[in-house]
Structure formats: C-alpha cells, structure tokens
Number of protein chains: 2
Amino acid sequence: MSSRNKSTPVSSLNSDPGHLTRLKTLLAKIRHFENLPSDIREEIAVAATLRHFDAGQVIYLEGEPADAVYLLESGWVKAVRMSREGREQALLFLRDGEVFGDVAAFTGTAYPGTAIALEPVDVWVIPAKNLLDLTAQHSELAMAFIRHMGERVLYYVGLVEDIALRSVEARLANTLLRNAEQHDGILIVPRRSWTTFDEMAVRLGTVRDVLSRALHNLEREKLLEVGRHEIILLDPTGLEKRGSL
Amino acid sequence: MSSRNKSTPVSSLNSDPGHLTRLKTLLAKIRHFENLPSDIREEIAVAATLRHFDAGQVIYLEGEPADAVYLLESGWVKAVRMSREGREQALLFLRDGEVFGDVAAFTGTAYPGTAIALEPVDVWVIPAKNLLDLTAQHSELAMAFIRHMGERVLYYVGLVEDIALRSVEARLANTLLRNAEQHDGILIVPRRSWTTFDEMAVRLGTVRDVLSRALHNLEREKLLEVGRHEIILLDPTGLEKRGSL
DNA sequence: TATTAGACACGACAAAAGTCGTATACAAAA
DNA sequence: TTTTGTATACGACTTTTGTCGTGTCTAATA
C-alpha cells in the first residue's frame, strides 16, 4: 500500500500572492502559532512549498535526515515506528492544522518515525535550515515551538502510560471516547475509509485479532455498536470505567 | 519508603558569591547549556535556590502545578507515573547534570510524573516564572531548551517502541548494555544501593518476578552474571542480539 | 549472638496478548 | 453478473506477562 512515488509540488512559486495568504491563514489556525506577528508568518511563508501526497504515500521515512518541517493543511497523516519483525507502532495521528517533523529538525537528527498520508493530503514543507534560522531570530517563534514540543512530550508520556499500564480494552475505550463526536445527542466515532481494524490496532499498539476481540467484548456488553461507517458509543459512562482498567 | 518531608534549603542566599559560581559551573556541564553566555548563566543563577533531598523523598508529585524547574547537581532521581492500581512505570532516570520539570513548566500544566530522589540529592530550583521570562528574552536559552525538549521527545519515542514492540528480555538486554561501564576490559553494570530488582523492574515497565525470570534466563545462557554489587556482561554481542527480539 | 526486615528464589497458576488457519462478507472491478 | 481482493469473524492454540504463596538469605540492629 505505502508507496514512495514523487509527490506533486502544487505550488513552489513562493512569491505567488495567493500562496502567501493561504499559508498565513493556515498558520493562524495552528495551535501555538496563531498569534505570531504577521512579519514572522510572512517569513515562514516565503520559505514554504506546498506539496500533495496521495493516500498511502510516504512523506518521509524513519532514519532519513530531517531537513524539512511539515505543516498539515488538509487530510490525515500517521507517524509510525516499525520493529525489525515488521510490527508497527503508531506514534501520532495528525490532522489538518498540525505540525510534524519539527523535533528531528531541531535536534538535527534523523526522523524518529515514518510519516504516511492516510488520505489525499496537502502539506507545506519548510526547509529545516530556514526554520532554524527564523526560530533563532524571533523569540515568539521559539516560544511557540517550545510550547509545541512540550505538548508533544506530555502526549508521549501519556502514550507510555497507556501502553505500559493499561490493557488493550482500556486503551480502546479511551481512544474511542477521545475521538467521539456528538450527533443527535449520541456519541459516534466516524469510520473513515482508512479506519480499518488493522489501522485501529496499529493505533493501539496491538494486532488486528486482539483489537477485534476487545471491540466485540465491548459490543457484547452493550457498551458500543460497531457499524460499517461508524462506531456508536451506547454507554460512555461504562466505557470510561473500562478506560482505567 | 517515599516520604514527603520538607527538604533542606541549603543555600537560599542568592547573592552569596560561592552560590553563583557553583551554579554557573554546573550549568557549564549540562548538555545544551554549556555554551550559554556568562550573563545569561548569571541571571539563571540569581533566581536559583539549592535544595537537598534524602533518599526516597519526593521532589514533586504528579499533578502538582509545575512552578519550578530543577537542575540536578548530584545524585540520582527517578520520574515515575503511577496507575490507579498502584503499578509504577518509570519515565526517566536522571543523574547529575540533567534538567527536569521543564516541560510542564513551559506548557504551564501540572507535572506529568512524580520525581523521587533515589539517593541523597542536591538540586537547584528555578521558579518557572523567572525561567520563562529569561527564555523569552534570550534566544540562546530558548534554543537550548528547544534542543533539550527535542531530545526528550526522541527519548520517549524510543521508550514507546521499547515497551510496545519488545519483550521484557529484550528491553533488559538493551538497558544493561546502555548502562554498562568498562572495567579491566569487561563490561559491568554497577548495582547501587537502590538498584534493587524492584527498581529495575519499574525501569523496564514490569514487575519483579518477571524481571527476575528474564535475568536468570540470560544468566543460564551465560550471557551475564548477576552479582550482589554488579552485573557482569559476559557476552555483549549475544546480549545485543537479544535486544532486538 | 539473636532478631528482624527487606531482597530475592522458585514453583504453580491465571490472565492477557499474540498467532494461525480457515471461513465469510462485501465492494470494486471486470 | 461474475470475479477478485480486502476486510473481518472465529475458534484453537502458544507465548508472554502478571500474580500468589512460601521459603531462604543477608545485612543491619538490638
């Protein structure tokens, strides 16, 4: 599935006025970067290039030198780590308005995981060199990245706790609750085309069979209902209880 | 064991000249902070207070608002996360020259884990407010923290991979190799007074019994030898093989 | 020297997670 | 409509991890 064909450079004409305003608009929607002064946003914008990736394409590979930082404009991306035996562990699921690739760029190392587009995706690519310079110059930008990376650390601490201390069932219950949306008063987790059991298993750090069992256990106990296009959370309170086991 | 008695404020006379040079010397030894200009180091130093903790004392608790950042001058500290059932997962083991508590201070949240002194410890305490101000003012300091937090993220990614994808035996082999020291041409992992099987188990995210089994398996296969005061790695190459299983 | 608390060994067992083979259902493509 | 590939179901089984009870050793202390 995951191929590494060349992505389509949609817009590399950095001076194009539409390009600039489009990226500045995106920056205004990104957590920690919303309040950057206009001139800094502009400097970022001129360094950035828009690229498109299709579903399944690799944006960057684990181990590659991190020479770019990515701003996700639309679509979902996952970052995964693979073991030698081929098992996958999801590190992050990213949606529009999220930044990735920054950590390795700032530490000057290789990307710690592989980034794969889960669906057609538009990303802005900023060369690491440019971003490092800008960050060293503008303390607002530096503080934004400090906060951003701080949140990443907190997220990973949570992930460690989840994997180390909780059962698959508990992790599943938590993940479902976190991704639920209100629809007509009931909680629903929408299933996108790429939300297969395999992907969900990777997300929880397990394999399909185990995930399937856990899901059907919860279904048997009337805590939820698995549909083809969504998972209906029948008993959020009950699920929350399971989440801490 | 872990009590929360008041720590001894050893030196709070910030203008004491010995105080200043002592902390500036420490800063010069801390990764990412070695090359800070003298005036910045001085500004940090005047805000800092030296404190002492005895073995087992809690430096801060998970969930407490993060209003200070710590620089570890001597001794070992661990940061752990506890589940409701009382199981512990180690997040970090920290030694002299390491910084901790910074992430939560910068994100303005609560500490994600509990910090406990494993032996008598001297730490410099910097109020979060002061450090935040200094970081916003001095881009060198900001970049230092960006790099520091970046390394933390990379560390946690590794920890996630370890816990999710590797067996206890593999994690054990890796941890031993990472903590080994050369003595007379042989690799030895020294056992400090607090390096009990229980602590080692927490470090690997498991329980004593399981750790004990793994250790004796490796011993039976002549890969290592468990002594009272050290673990001798007889076959580093063999251990490395185990480390990826 | 006698006592005691903590660290560790060991075997039996239980539970969770992972593996495998095979069967079925469905959707997209031919 | 038929074909084909992918997603999922399901039961049997293995391995790994976690739990429990009991017993031994040792170092510190009385």
Side-chain angles (χ1 to χ4, degrees), chain A residues 1-3 55-56 82-90 118-119 162-173 175 191-220 224-231 242-245, chain B residues 1-3 55-56 82-89 118-119 162-173 191-220 224-231 242-245:
Chain A
M1 219 288 199
S2 55
S3 56
M82 301 249 309
S83 73
R84 231 142 315 185
E85 297 87 47
R87 245 186 79 190
E88 240 178 83
Q89 166 67 48
L118 289 166
E119 47 184 36
D162 249 36
I163 298 176
L165 264 27
R166 285 203 251 276
S167 67
V168 170
E169 221 177 79
R171 275 179 269 162
L172 173 58
T175 308
R191 293 184 65 185
R192 299 161 214 282
S193 58
W194 47 267
T195 322
T196 66
F197 279 26
D198 269 304
E199 279 298 344
M200 295 171 66
V202 165
R203 181 153 189 171
L204 297 181
T206 183
V207 291
R208 197 194 51 239
D209 301 64
V210 177
L211 171 93
S212 171
R213 267 202 298 252
L215 208 44
H216 290 311
N217 281 346
L218 297 178
E219 193 169 28
R220 207 168 304 123
L224 52 77
E225 209 179 292
V226 183
R228 188 160 305 285
H229 300 294
E230 75 293 308
I231 297 172
R242 293 321 202 71
S244 46
L245 288 181
Chain B
M1 206 326 171
S2 56
S3 55
M82 301 248 307
S83 73
R84 232 144 313 187
E85 297 86 48
R87 248 185 79 190
E88 239 178 83
Q89 166 67 47
L118 289 165
E119 47 183 36
D162 250 35
I163 298 176
L165 264 28
R166 285 202 251 274
S167 67
V168 170
E169 220 177 79
R171 276 179 268 163
L172 173 58
R191 292 185 65 185
R192 300 161 213 284
S193 58
W194 48 266
T195 320
T196 66
F197 279 26
D198 268 304
E199 280 297 345
M200 295 172 65
V202 166
R203 182 153 188 171
L204 298 181
T206 184
V207 290
R208 198 196 49 242
D209 301 67
V210 176
L211 171 92
S212 171
R213 268 202 297 252
L215 208 44
H216 290 310
N217 280 346
L218 297 177
E219 193 168 28
R220 206 168 303 122
L224 52 79
E225 210 178 293
V226 183
R228 188 161 304 284
H229 299 295
E230 75 292 309
I231 297 171
R242 293 318 201 73
S244 46
L245 288 181

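Proteins come first, then strands; the chains are lettered A, B, ... in the order of their sequence lines, and each starts at number 1.
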Under-4.0 Å side-chain N/O to phosphate OP1/OP2 contact, A:Thr196 with D:dA7: no
Donor-acceptor contact below 3.5 Å, side chain B:Ser212 vs main chain B:Arg208: no
Rounded distance in Å - CG (A:Asn217) to P (C:dA17): 11 Å
A:Arg171 (side chain) donor-acceptor with A:Arg203 (main chain) under 3.5 angstrom: no
Partner set under side chain to side chain donor-acceptor pair (under 3.5 Å) for B:Arg191, not counting sequence neighbours: none
B:Leu165 CG to C:dG18 C1', straight-line distance once rounded to whole Å: 13 Å
Reading 5' to 3' through nucleotides 24-30 of chain C, protein heavy-atom contacts under 4.0 Å coded B for base, S for sugar-phosphate only, - for none: --SS---
Residue pair B:Glu85 / A:Leu165, side-chain heavy-atom distance below 4.5 Å: no
Interatomic distance, B:Glu85 CD vs D:dT17 P [rounded to whole Å]: 19 Å
Any side-chain heavy-atom pair of B:Met82 and B:Arg87 under 4.5 Å: no
Min side-chain heavy-atom separation A:Leu118-A:Thr195 under 4.5 Å: no
Short heteroatom pairs, N/O only, protein and nucleotides 18-22 of chain D, under 3.5 Å:
from, atom 1, to, atom 2, distance (Å)
D:dG18, OP1, B:Arg87, NH1, 3.4
D:dG18, OP1, B:Arg87, NH2, 3.2
D:dG18, OP2, B:Thr206, OG1, 2.2
D:dG18, N7, B:Arg213, NH2, 2.8
D:dG18, O6, B:Arg213, NH1, 3.2
D:dG18, O6, B:Arg213, NH2, 3.4
D:dC20, N4, B:Asp209, OD2, 2.5

Close side-chain approach of A:Val226 to A:Leu218, heavy-atom, < 4.5 Å: no
Rounded distance (Å) that lies between atom P of D:dC10 and atom CZ of A:Phe197: 11 Å
Whole angstrom value for the distance that separates P of D:dA7 from CZ of A:Arg191: 11 Å
Side-chain heavy atoms of A:Asn217 within contact of A:Arg242, under 4.5 Å: no
Whole angstrom value for the distance that separates P of D:dT8 from CE of A:Met200: 9 Å
Whole-Å gap separating P (D:dA9) and NE2 (A:His216): 3 Å
Pairwise side-chain contact, B:Arg84 with A:Arg166, heavy-atom cut-off 4.5 Å (strictly under): yes
Rounded distance in Å - CG (A:Asp162) to P (C:dA16): 17 Å
